[in-house]
Amino acid sequence: MAKIIDGKAIAAKIRTEITEGVAALKERGVTPGLAVVLVGDDPASRVYVSMKEKACAEAGIFSDEYKLPAETSEAELLGLVAKLNNDPAIHGILVQLPLPPQIDTDKVLEAISPEKDADGFHPYNVGRLSVGKPLFQPCTPYGVMVMLKEEGVELAGKEVVVIGRSNIVGKPVAMMCLAQSATVTVCHSKTRNLADVVRRADVVIAAVGRPEMVKGDWIKEGAVVIDVGVNRVGEKKLVGDVDFAAASQRAAAITPVPGGVGPMTITMLLYNTLESAKRFAEQLNS
Ligand code: NDP
């Protein structure tokens with residue numbers, strides 16, 4: 001029976017360290033600041049934004065919220081981003097996605113200063129990650145890497161199979177595993193014989209968005225399984241991309257859904273904001 005990787009406990013530990021780091025920086029006269037921009041009233045986005053604000057408050061991070069109407073123009077949003085880029089109280093800028101259709105998402109993400117890109121989605125930061133010199137790393141994959149480290153999973157030389165190649169999870173987590181000298185295979189909707197590819201994996205990272213698609217008999221005995229997927233089944237139940245009950249009979253360790261990767265995402269947003277504030281503080285002192 002697999003060990004359950006407790007994302008809540010790992011996130012709580014990292015958040016305590018972040019809170020201490022924020023307090024130490026405040027003693028040097030710098031309060032880390034995160035600007036959160038929400039356009040429109042998508043209910044899920046509203047929940048995420050309020051969770052982010054609450055997490056900032058708990059860690060002692062200043063959060064500046066901008067709730068803009070759904071009809072906000074691209075020019076108005078770009079104007080706000082430009083203002084935040086120049087605001088010395090702000091060290092991280094997060095524009096909650098998705099944006100309404102009249103706004104070009106890429107244009108907005110590229111307008112955020114790469115030095116305040118708390119989500120790590122700016123092409124500059126994507127490039128930094130791919131050349132092995134990361135500045136901001138995207139929060140969900142970064143959270144996966146912290147979980148693996150906290151669990152003592154050594155990646156060098158291991159076969160890692162990532163299922164999903166999105167820009168926010170699959171591709172960056174593959175880059176991060178490669179940077180730690182894993183042998184990485186990235187699968188997607190056109191991958192042939194997915195089950196056989198997954199059977200090779202010492203570490204499986206599933207980021208697909210299909211409920212319980214990864215079956216128990218795809219998991220090699222003793223593998224580590226990280227399930228990023230969050231899928232609503234019926235009214236209330238959330239399940240991951242992996243058949244948890246069956247996979248945990250074979251895996252050495254596995255993340256549950258909920259309570260696995262989920263709590264790490266906001267934690268790494270706080271971490272990114274703190275690290276950015278530290279960099280700004282160093283620039284002030286030099
Ligand atoms: P996307 O929809 O952007 O990407 C899904 C990926 O899965 C694509 O690369 C797609 O392939 C691939 N895929 C789809 N069907 C199959 C299949 N049958 N076999 C193999 N691969 C397949 O999703 P995201 O990366 O944004 O999110 C993935 C999951 O992670 C979702 O459940 C999401 O809710 C969750 N998530 C959780 C977060 C958290 O904080 N815990 C944060 C972010 C996401 P192709 O490219 O060929 O279309």
Side-chain angles (χ1 to χ4, degrees), residues 1-27 30-34 36 44-63 65 91-92 94 96 118-120 134 136-155 168-169 172-173 176-177 180 203 205-207 224-232 236-242 244 247-248 251-278:
M1 194 63 189
K3 176 185 178 206
I4 311 294
I5 302 175
D6 185 346
K8 275 193 210 152
I10 298 172
K13 177 183 173 229
I14 306 290
R15 284 200 199 187
T16 301
E17 291 167 10
I18 292 169
T19 307
E20 288 165 3
V22 170
L25 199 58
K26 279 182 173 170
E27 275 176 23
V30 177
T31 300
L34 175 70
V36 180
S45 294
R46 283 222 311 254
V47 172
Y48 292 140
V49 165
S50 65
M51 283 165 68
K52 287 165 187 172
E53 288 161 3
K54 184 166 168 275
C56 280
E58 283 169 6
I61 292 175
F62 164 63
S63 78
E65 301 136 29
H91 308 99
L94 182 148
Q96 184 66 46
D119 258 339
F136 284 101
Q137 304 195 61
C139 300
T140 300
Y142 202 1
V144 168
M145 301 313 285
V146 169
M147 291 181 105
L148 290 170
K149 181 163 177 257
E150 289 290 321
E151 288 298 312
V153 179
E154 172 60 54
L155 289 178
I168 65 167
V169 191
V173 87
M176 291 173 192
C177 291
Q180 294 196 16
V203 177
I205 301 173
V224 174
V225 179
I226 305 289
D227 191 350
V228 184
V230 181
N231 308 288
R232 192 166 288 283
K236 289 209 174 117
K237 197 175 173 213
L238 289 182
V239 299
D241 291 341
V242 178
F244 179 85
S248 50
I254 186 167
T255 59
V257 178
V261 176
M264 294 304 295
T265 297
I266 291 182
T267 302
M268 299 319 294
L269 176 68
L270 304 179
Y271 180 86
N272 278 349
T273 305
L274 171 60
E275 290 302 302
S276 175
K278 283 186 191 165

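Small disclaimer: the values here were computed from a predicted structure and weren't measured. Below, all heavy atoms of this structure are taken into account, side chains as well, without hydrogens, waters or symmetry copies.
- The minimum heavy-atom distance linking G240 with D227 is given by the pair CA-OD2, 3.2 Å.
- Looking at M145 and Q180, their side chains come closer than 4.5 Å, going by heavy atoms from C-beta outward.
- A heavy-atom distance below 4.5 Å is found between the side chains of M51 and I266.
- Distance check, rounded to the nearest 0.5 Å: CD1 of I10 to CZ of R15 gives 13.0 Å.
- In this structure, the side chains of M264 and T140 stay at 4.5 Å or more apart for every pair of heavy atoms.
- At a threshold of 4.5 Å between non-hydrogen side-chain atoms, the residues V22 and F62 do not count as touching.
- Between K26 and V30, the closest side-chain pair of non-hydrogen atoms is not below 4.5 Å.
- Between V169 and A207, the shortest heavy-atom contact is CG1-CB, 3.5 Å.
- The nearest pair of heavy atoms linking L270 to I61 is O-CD1, 3.8 Å.
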**Prompt:** Taking it one step at a time, do M147 and V153 satisfy side-chain contact (heavy atoms from CB on, under 4.5 Å)?
**Reply:** CA-CA 9 Å; M147 291 181 105; V153 179; over 6 Å; no
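- Nearest heavy-atom pair across K236 and R232 is O-NH1, 3.6 Å.
- Judged by distance alone, the side chain of S248 and the main-chain N or O of A2 form no donor-acceptor pair under 3.5 Å.
- Here the CD atom belonging to E151 is positioned 3.5 Å from the NZ atom belonging to K3, to the nearest 0.5 angstrom.
- No donor-acceptor pair under 3.5 Å is formed between the side chain of S276 and the backbone N or O of N272.
- In this structure, NZ on K52 lies 8.5 Å from OG1 on T265, to the nearest 0.5 angstrom.
- Judged by distance alone, the side chain of T255 and the main-chain N or O of I226 form no donor-acceptor pair under 3.5 Å.
- The nearest pair of heavy atoms linking A118 to T273 is CB-OG1, 4.3 Å.
- Taking SG from C177 and CG from L155, the interatomic distance works out to 5.5 Å, rounded to the nearest 0.5 Å.
- To the nearest 0.5 Å, atoms CG (L269) and CG (L274) are separated by 11.5 Å.
- Minimum interatomic distance between A206 and V242 (heavy atoms only, all atoms of both residues): CB-CG2, 4.0 Å.
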**Message:** Show, in sequence, the C-alpha distance, side-chain angles and deciding distance for I14 and E150, and conclude whether the side-chain contact (heavy atoms from CB on, under 4.5 Å) test is met.
**Reply:** CA-CA 10 Å; I14 306 290; E150 289 290 321; 4.0 Å; yes
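- Side-chain contact between V228 and I205 is present, with heavy atoms from C-beta onward closer than 4.5 Å.
- Counting only residues at least two apart or on different chains, the ring-ring contact (aromatic ring centres under 6.0 Å, His included) pairs with a member in residues 253-276 are Y142-Y271.
- Between the CG atom in L94 and the OG atom in S63 there is a gap of 11.0 Å [rounded to 0.5 Å].
- Counting only heavy atoms from C-beta outward, the side chains of I254 and I5 never approach each other to under 4.5 Å.
- Side-chain N or O atoms of D119 include none that pairs as donor or acceptor with a backbone N or O of P138 at under 3.5 Å.
- L25 has its side chain out of reach of T31: every pair of non-hydrogen atoms, C-beta onward, lies at least 4.5 Å apart.
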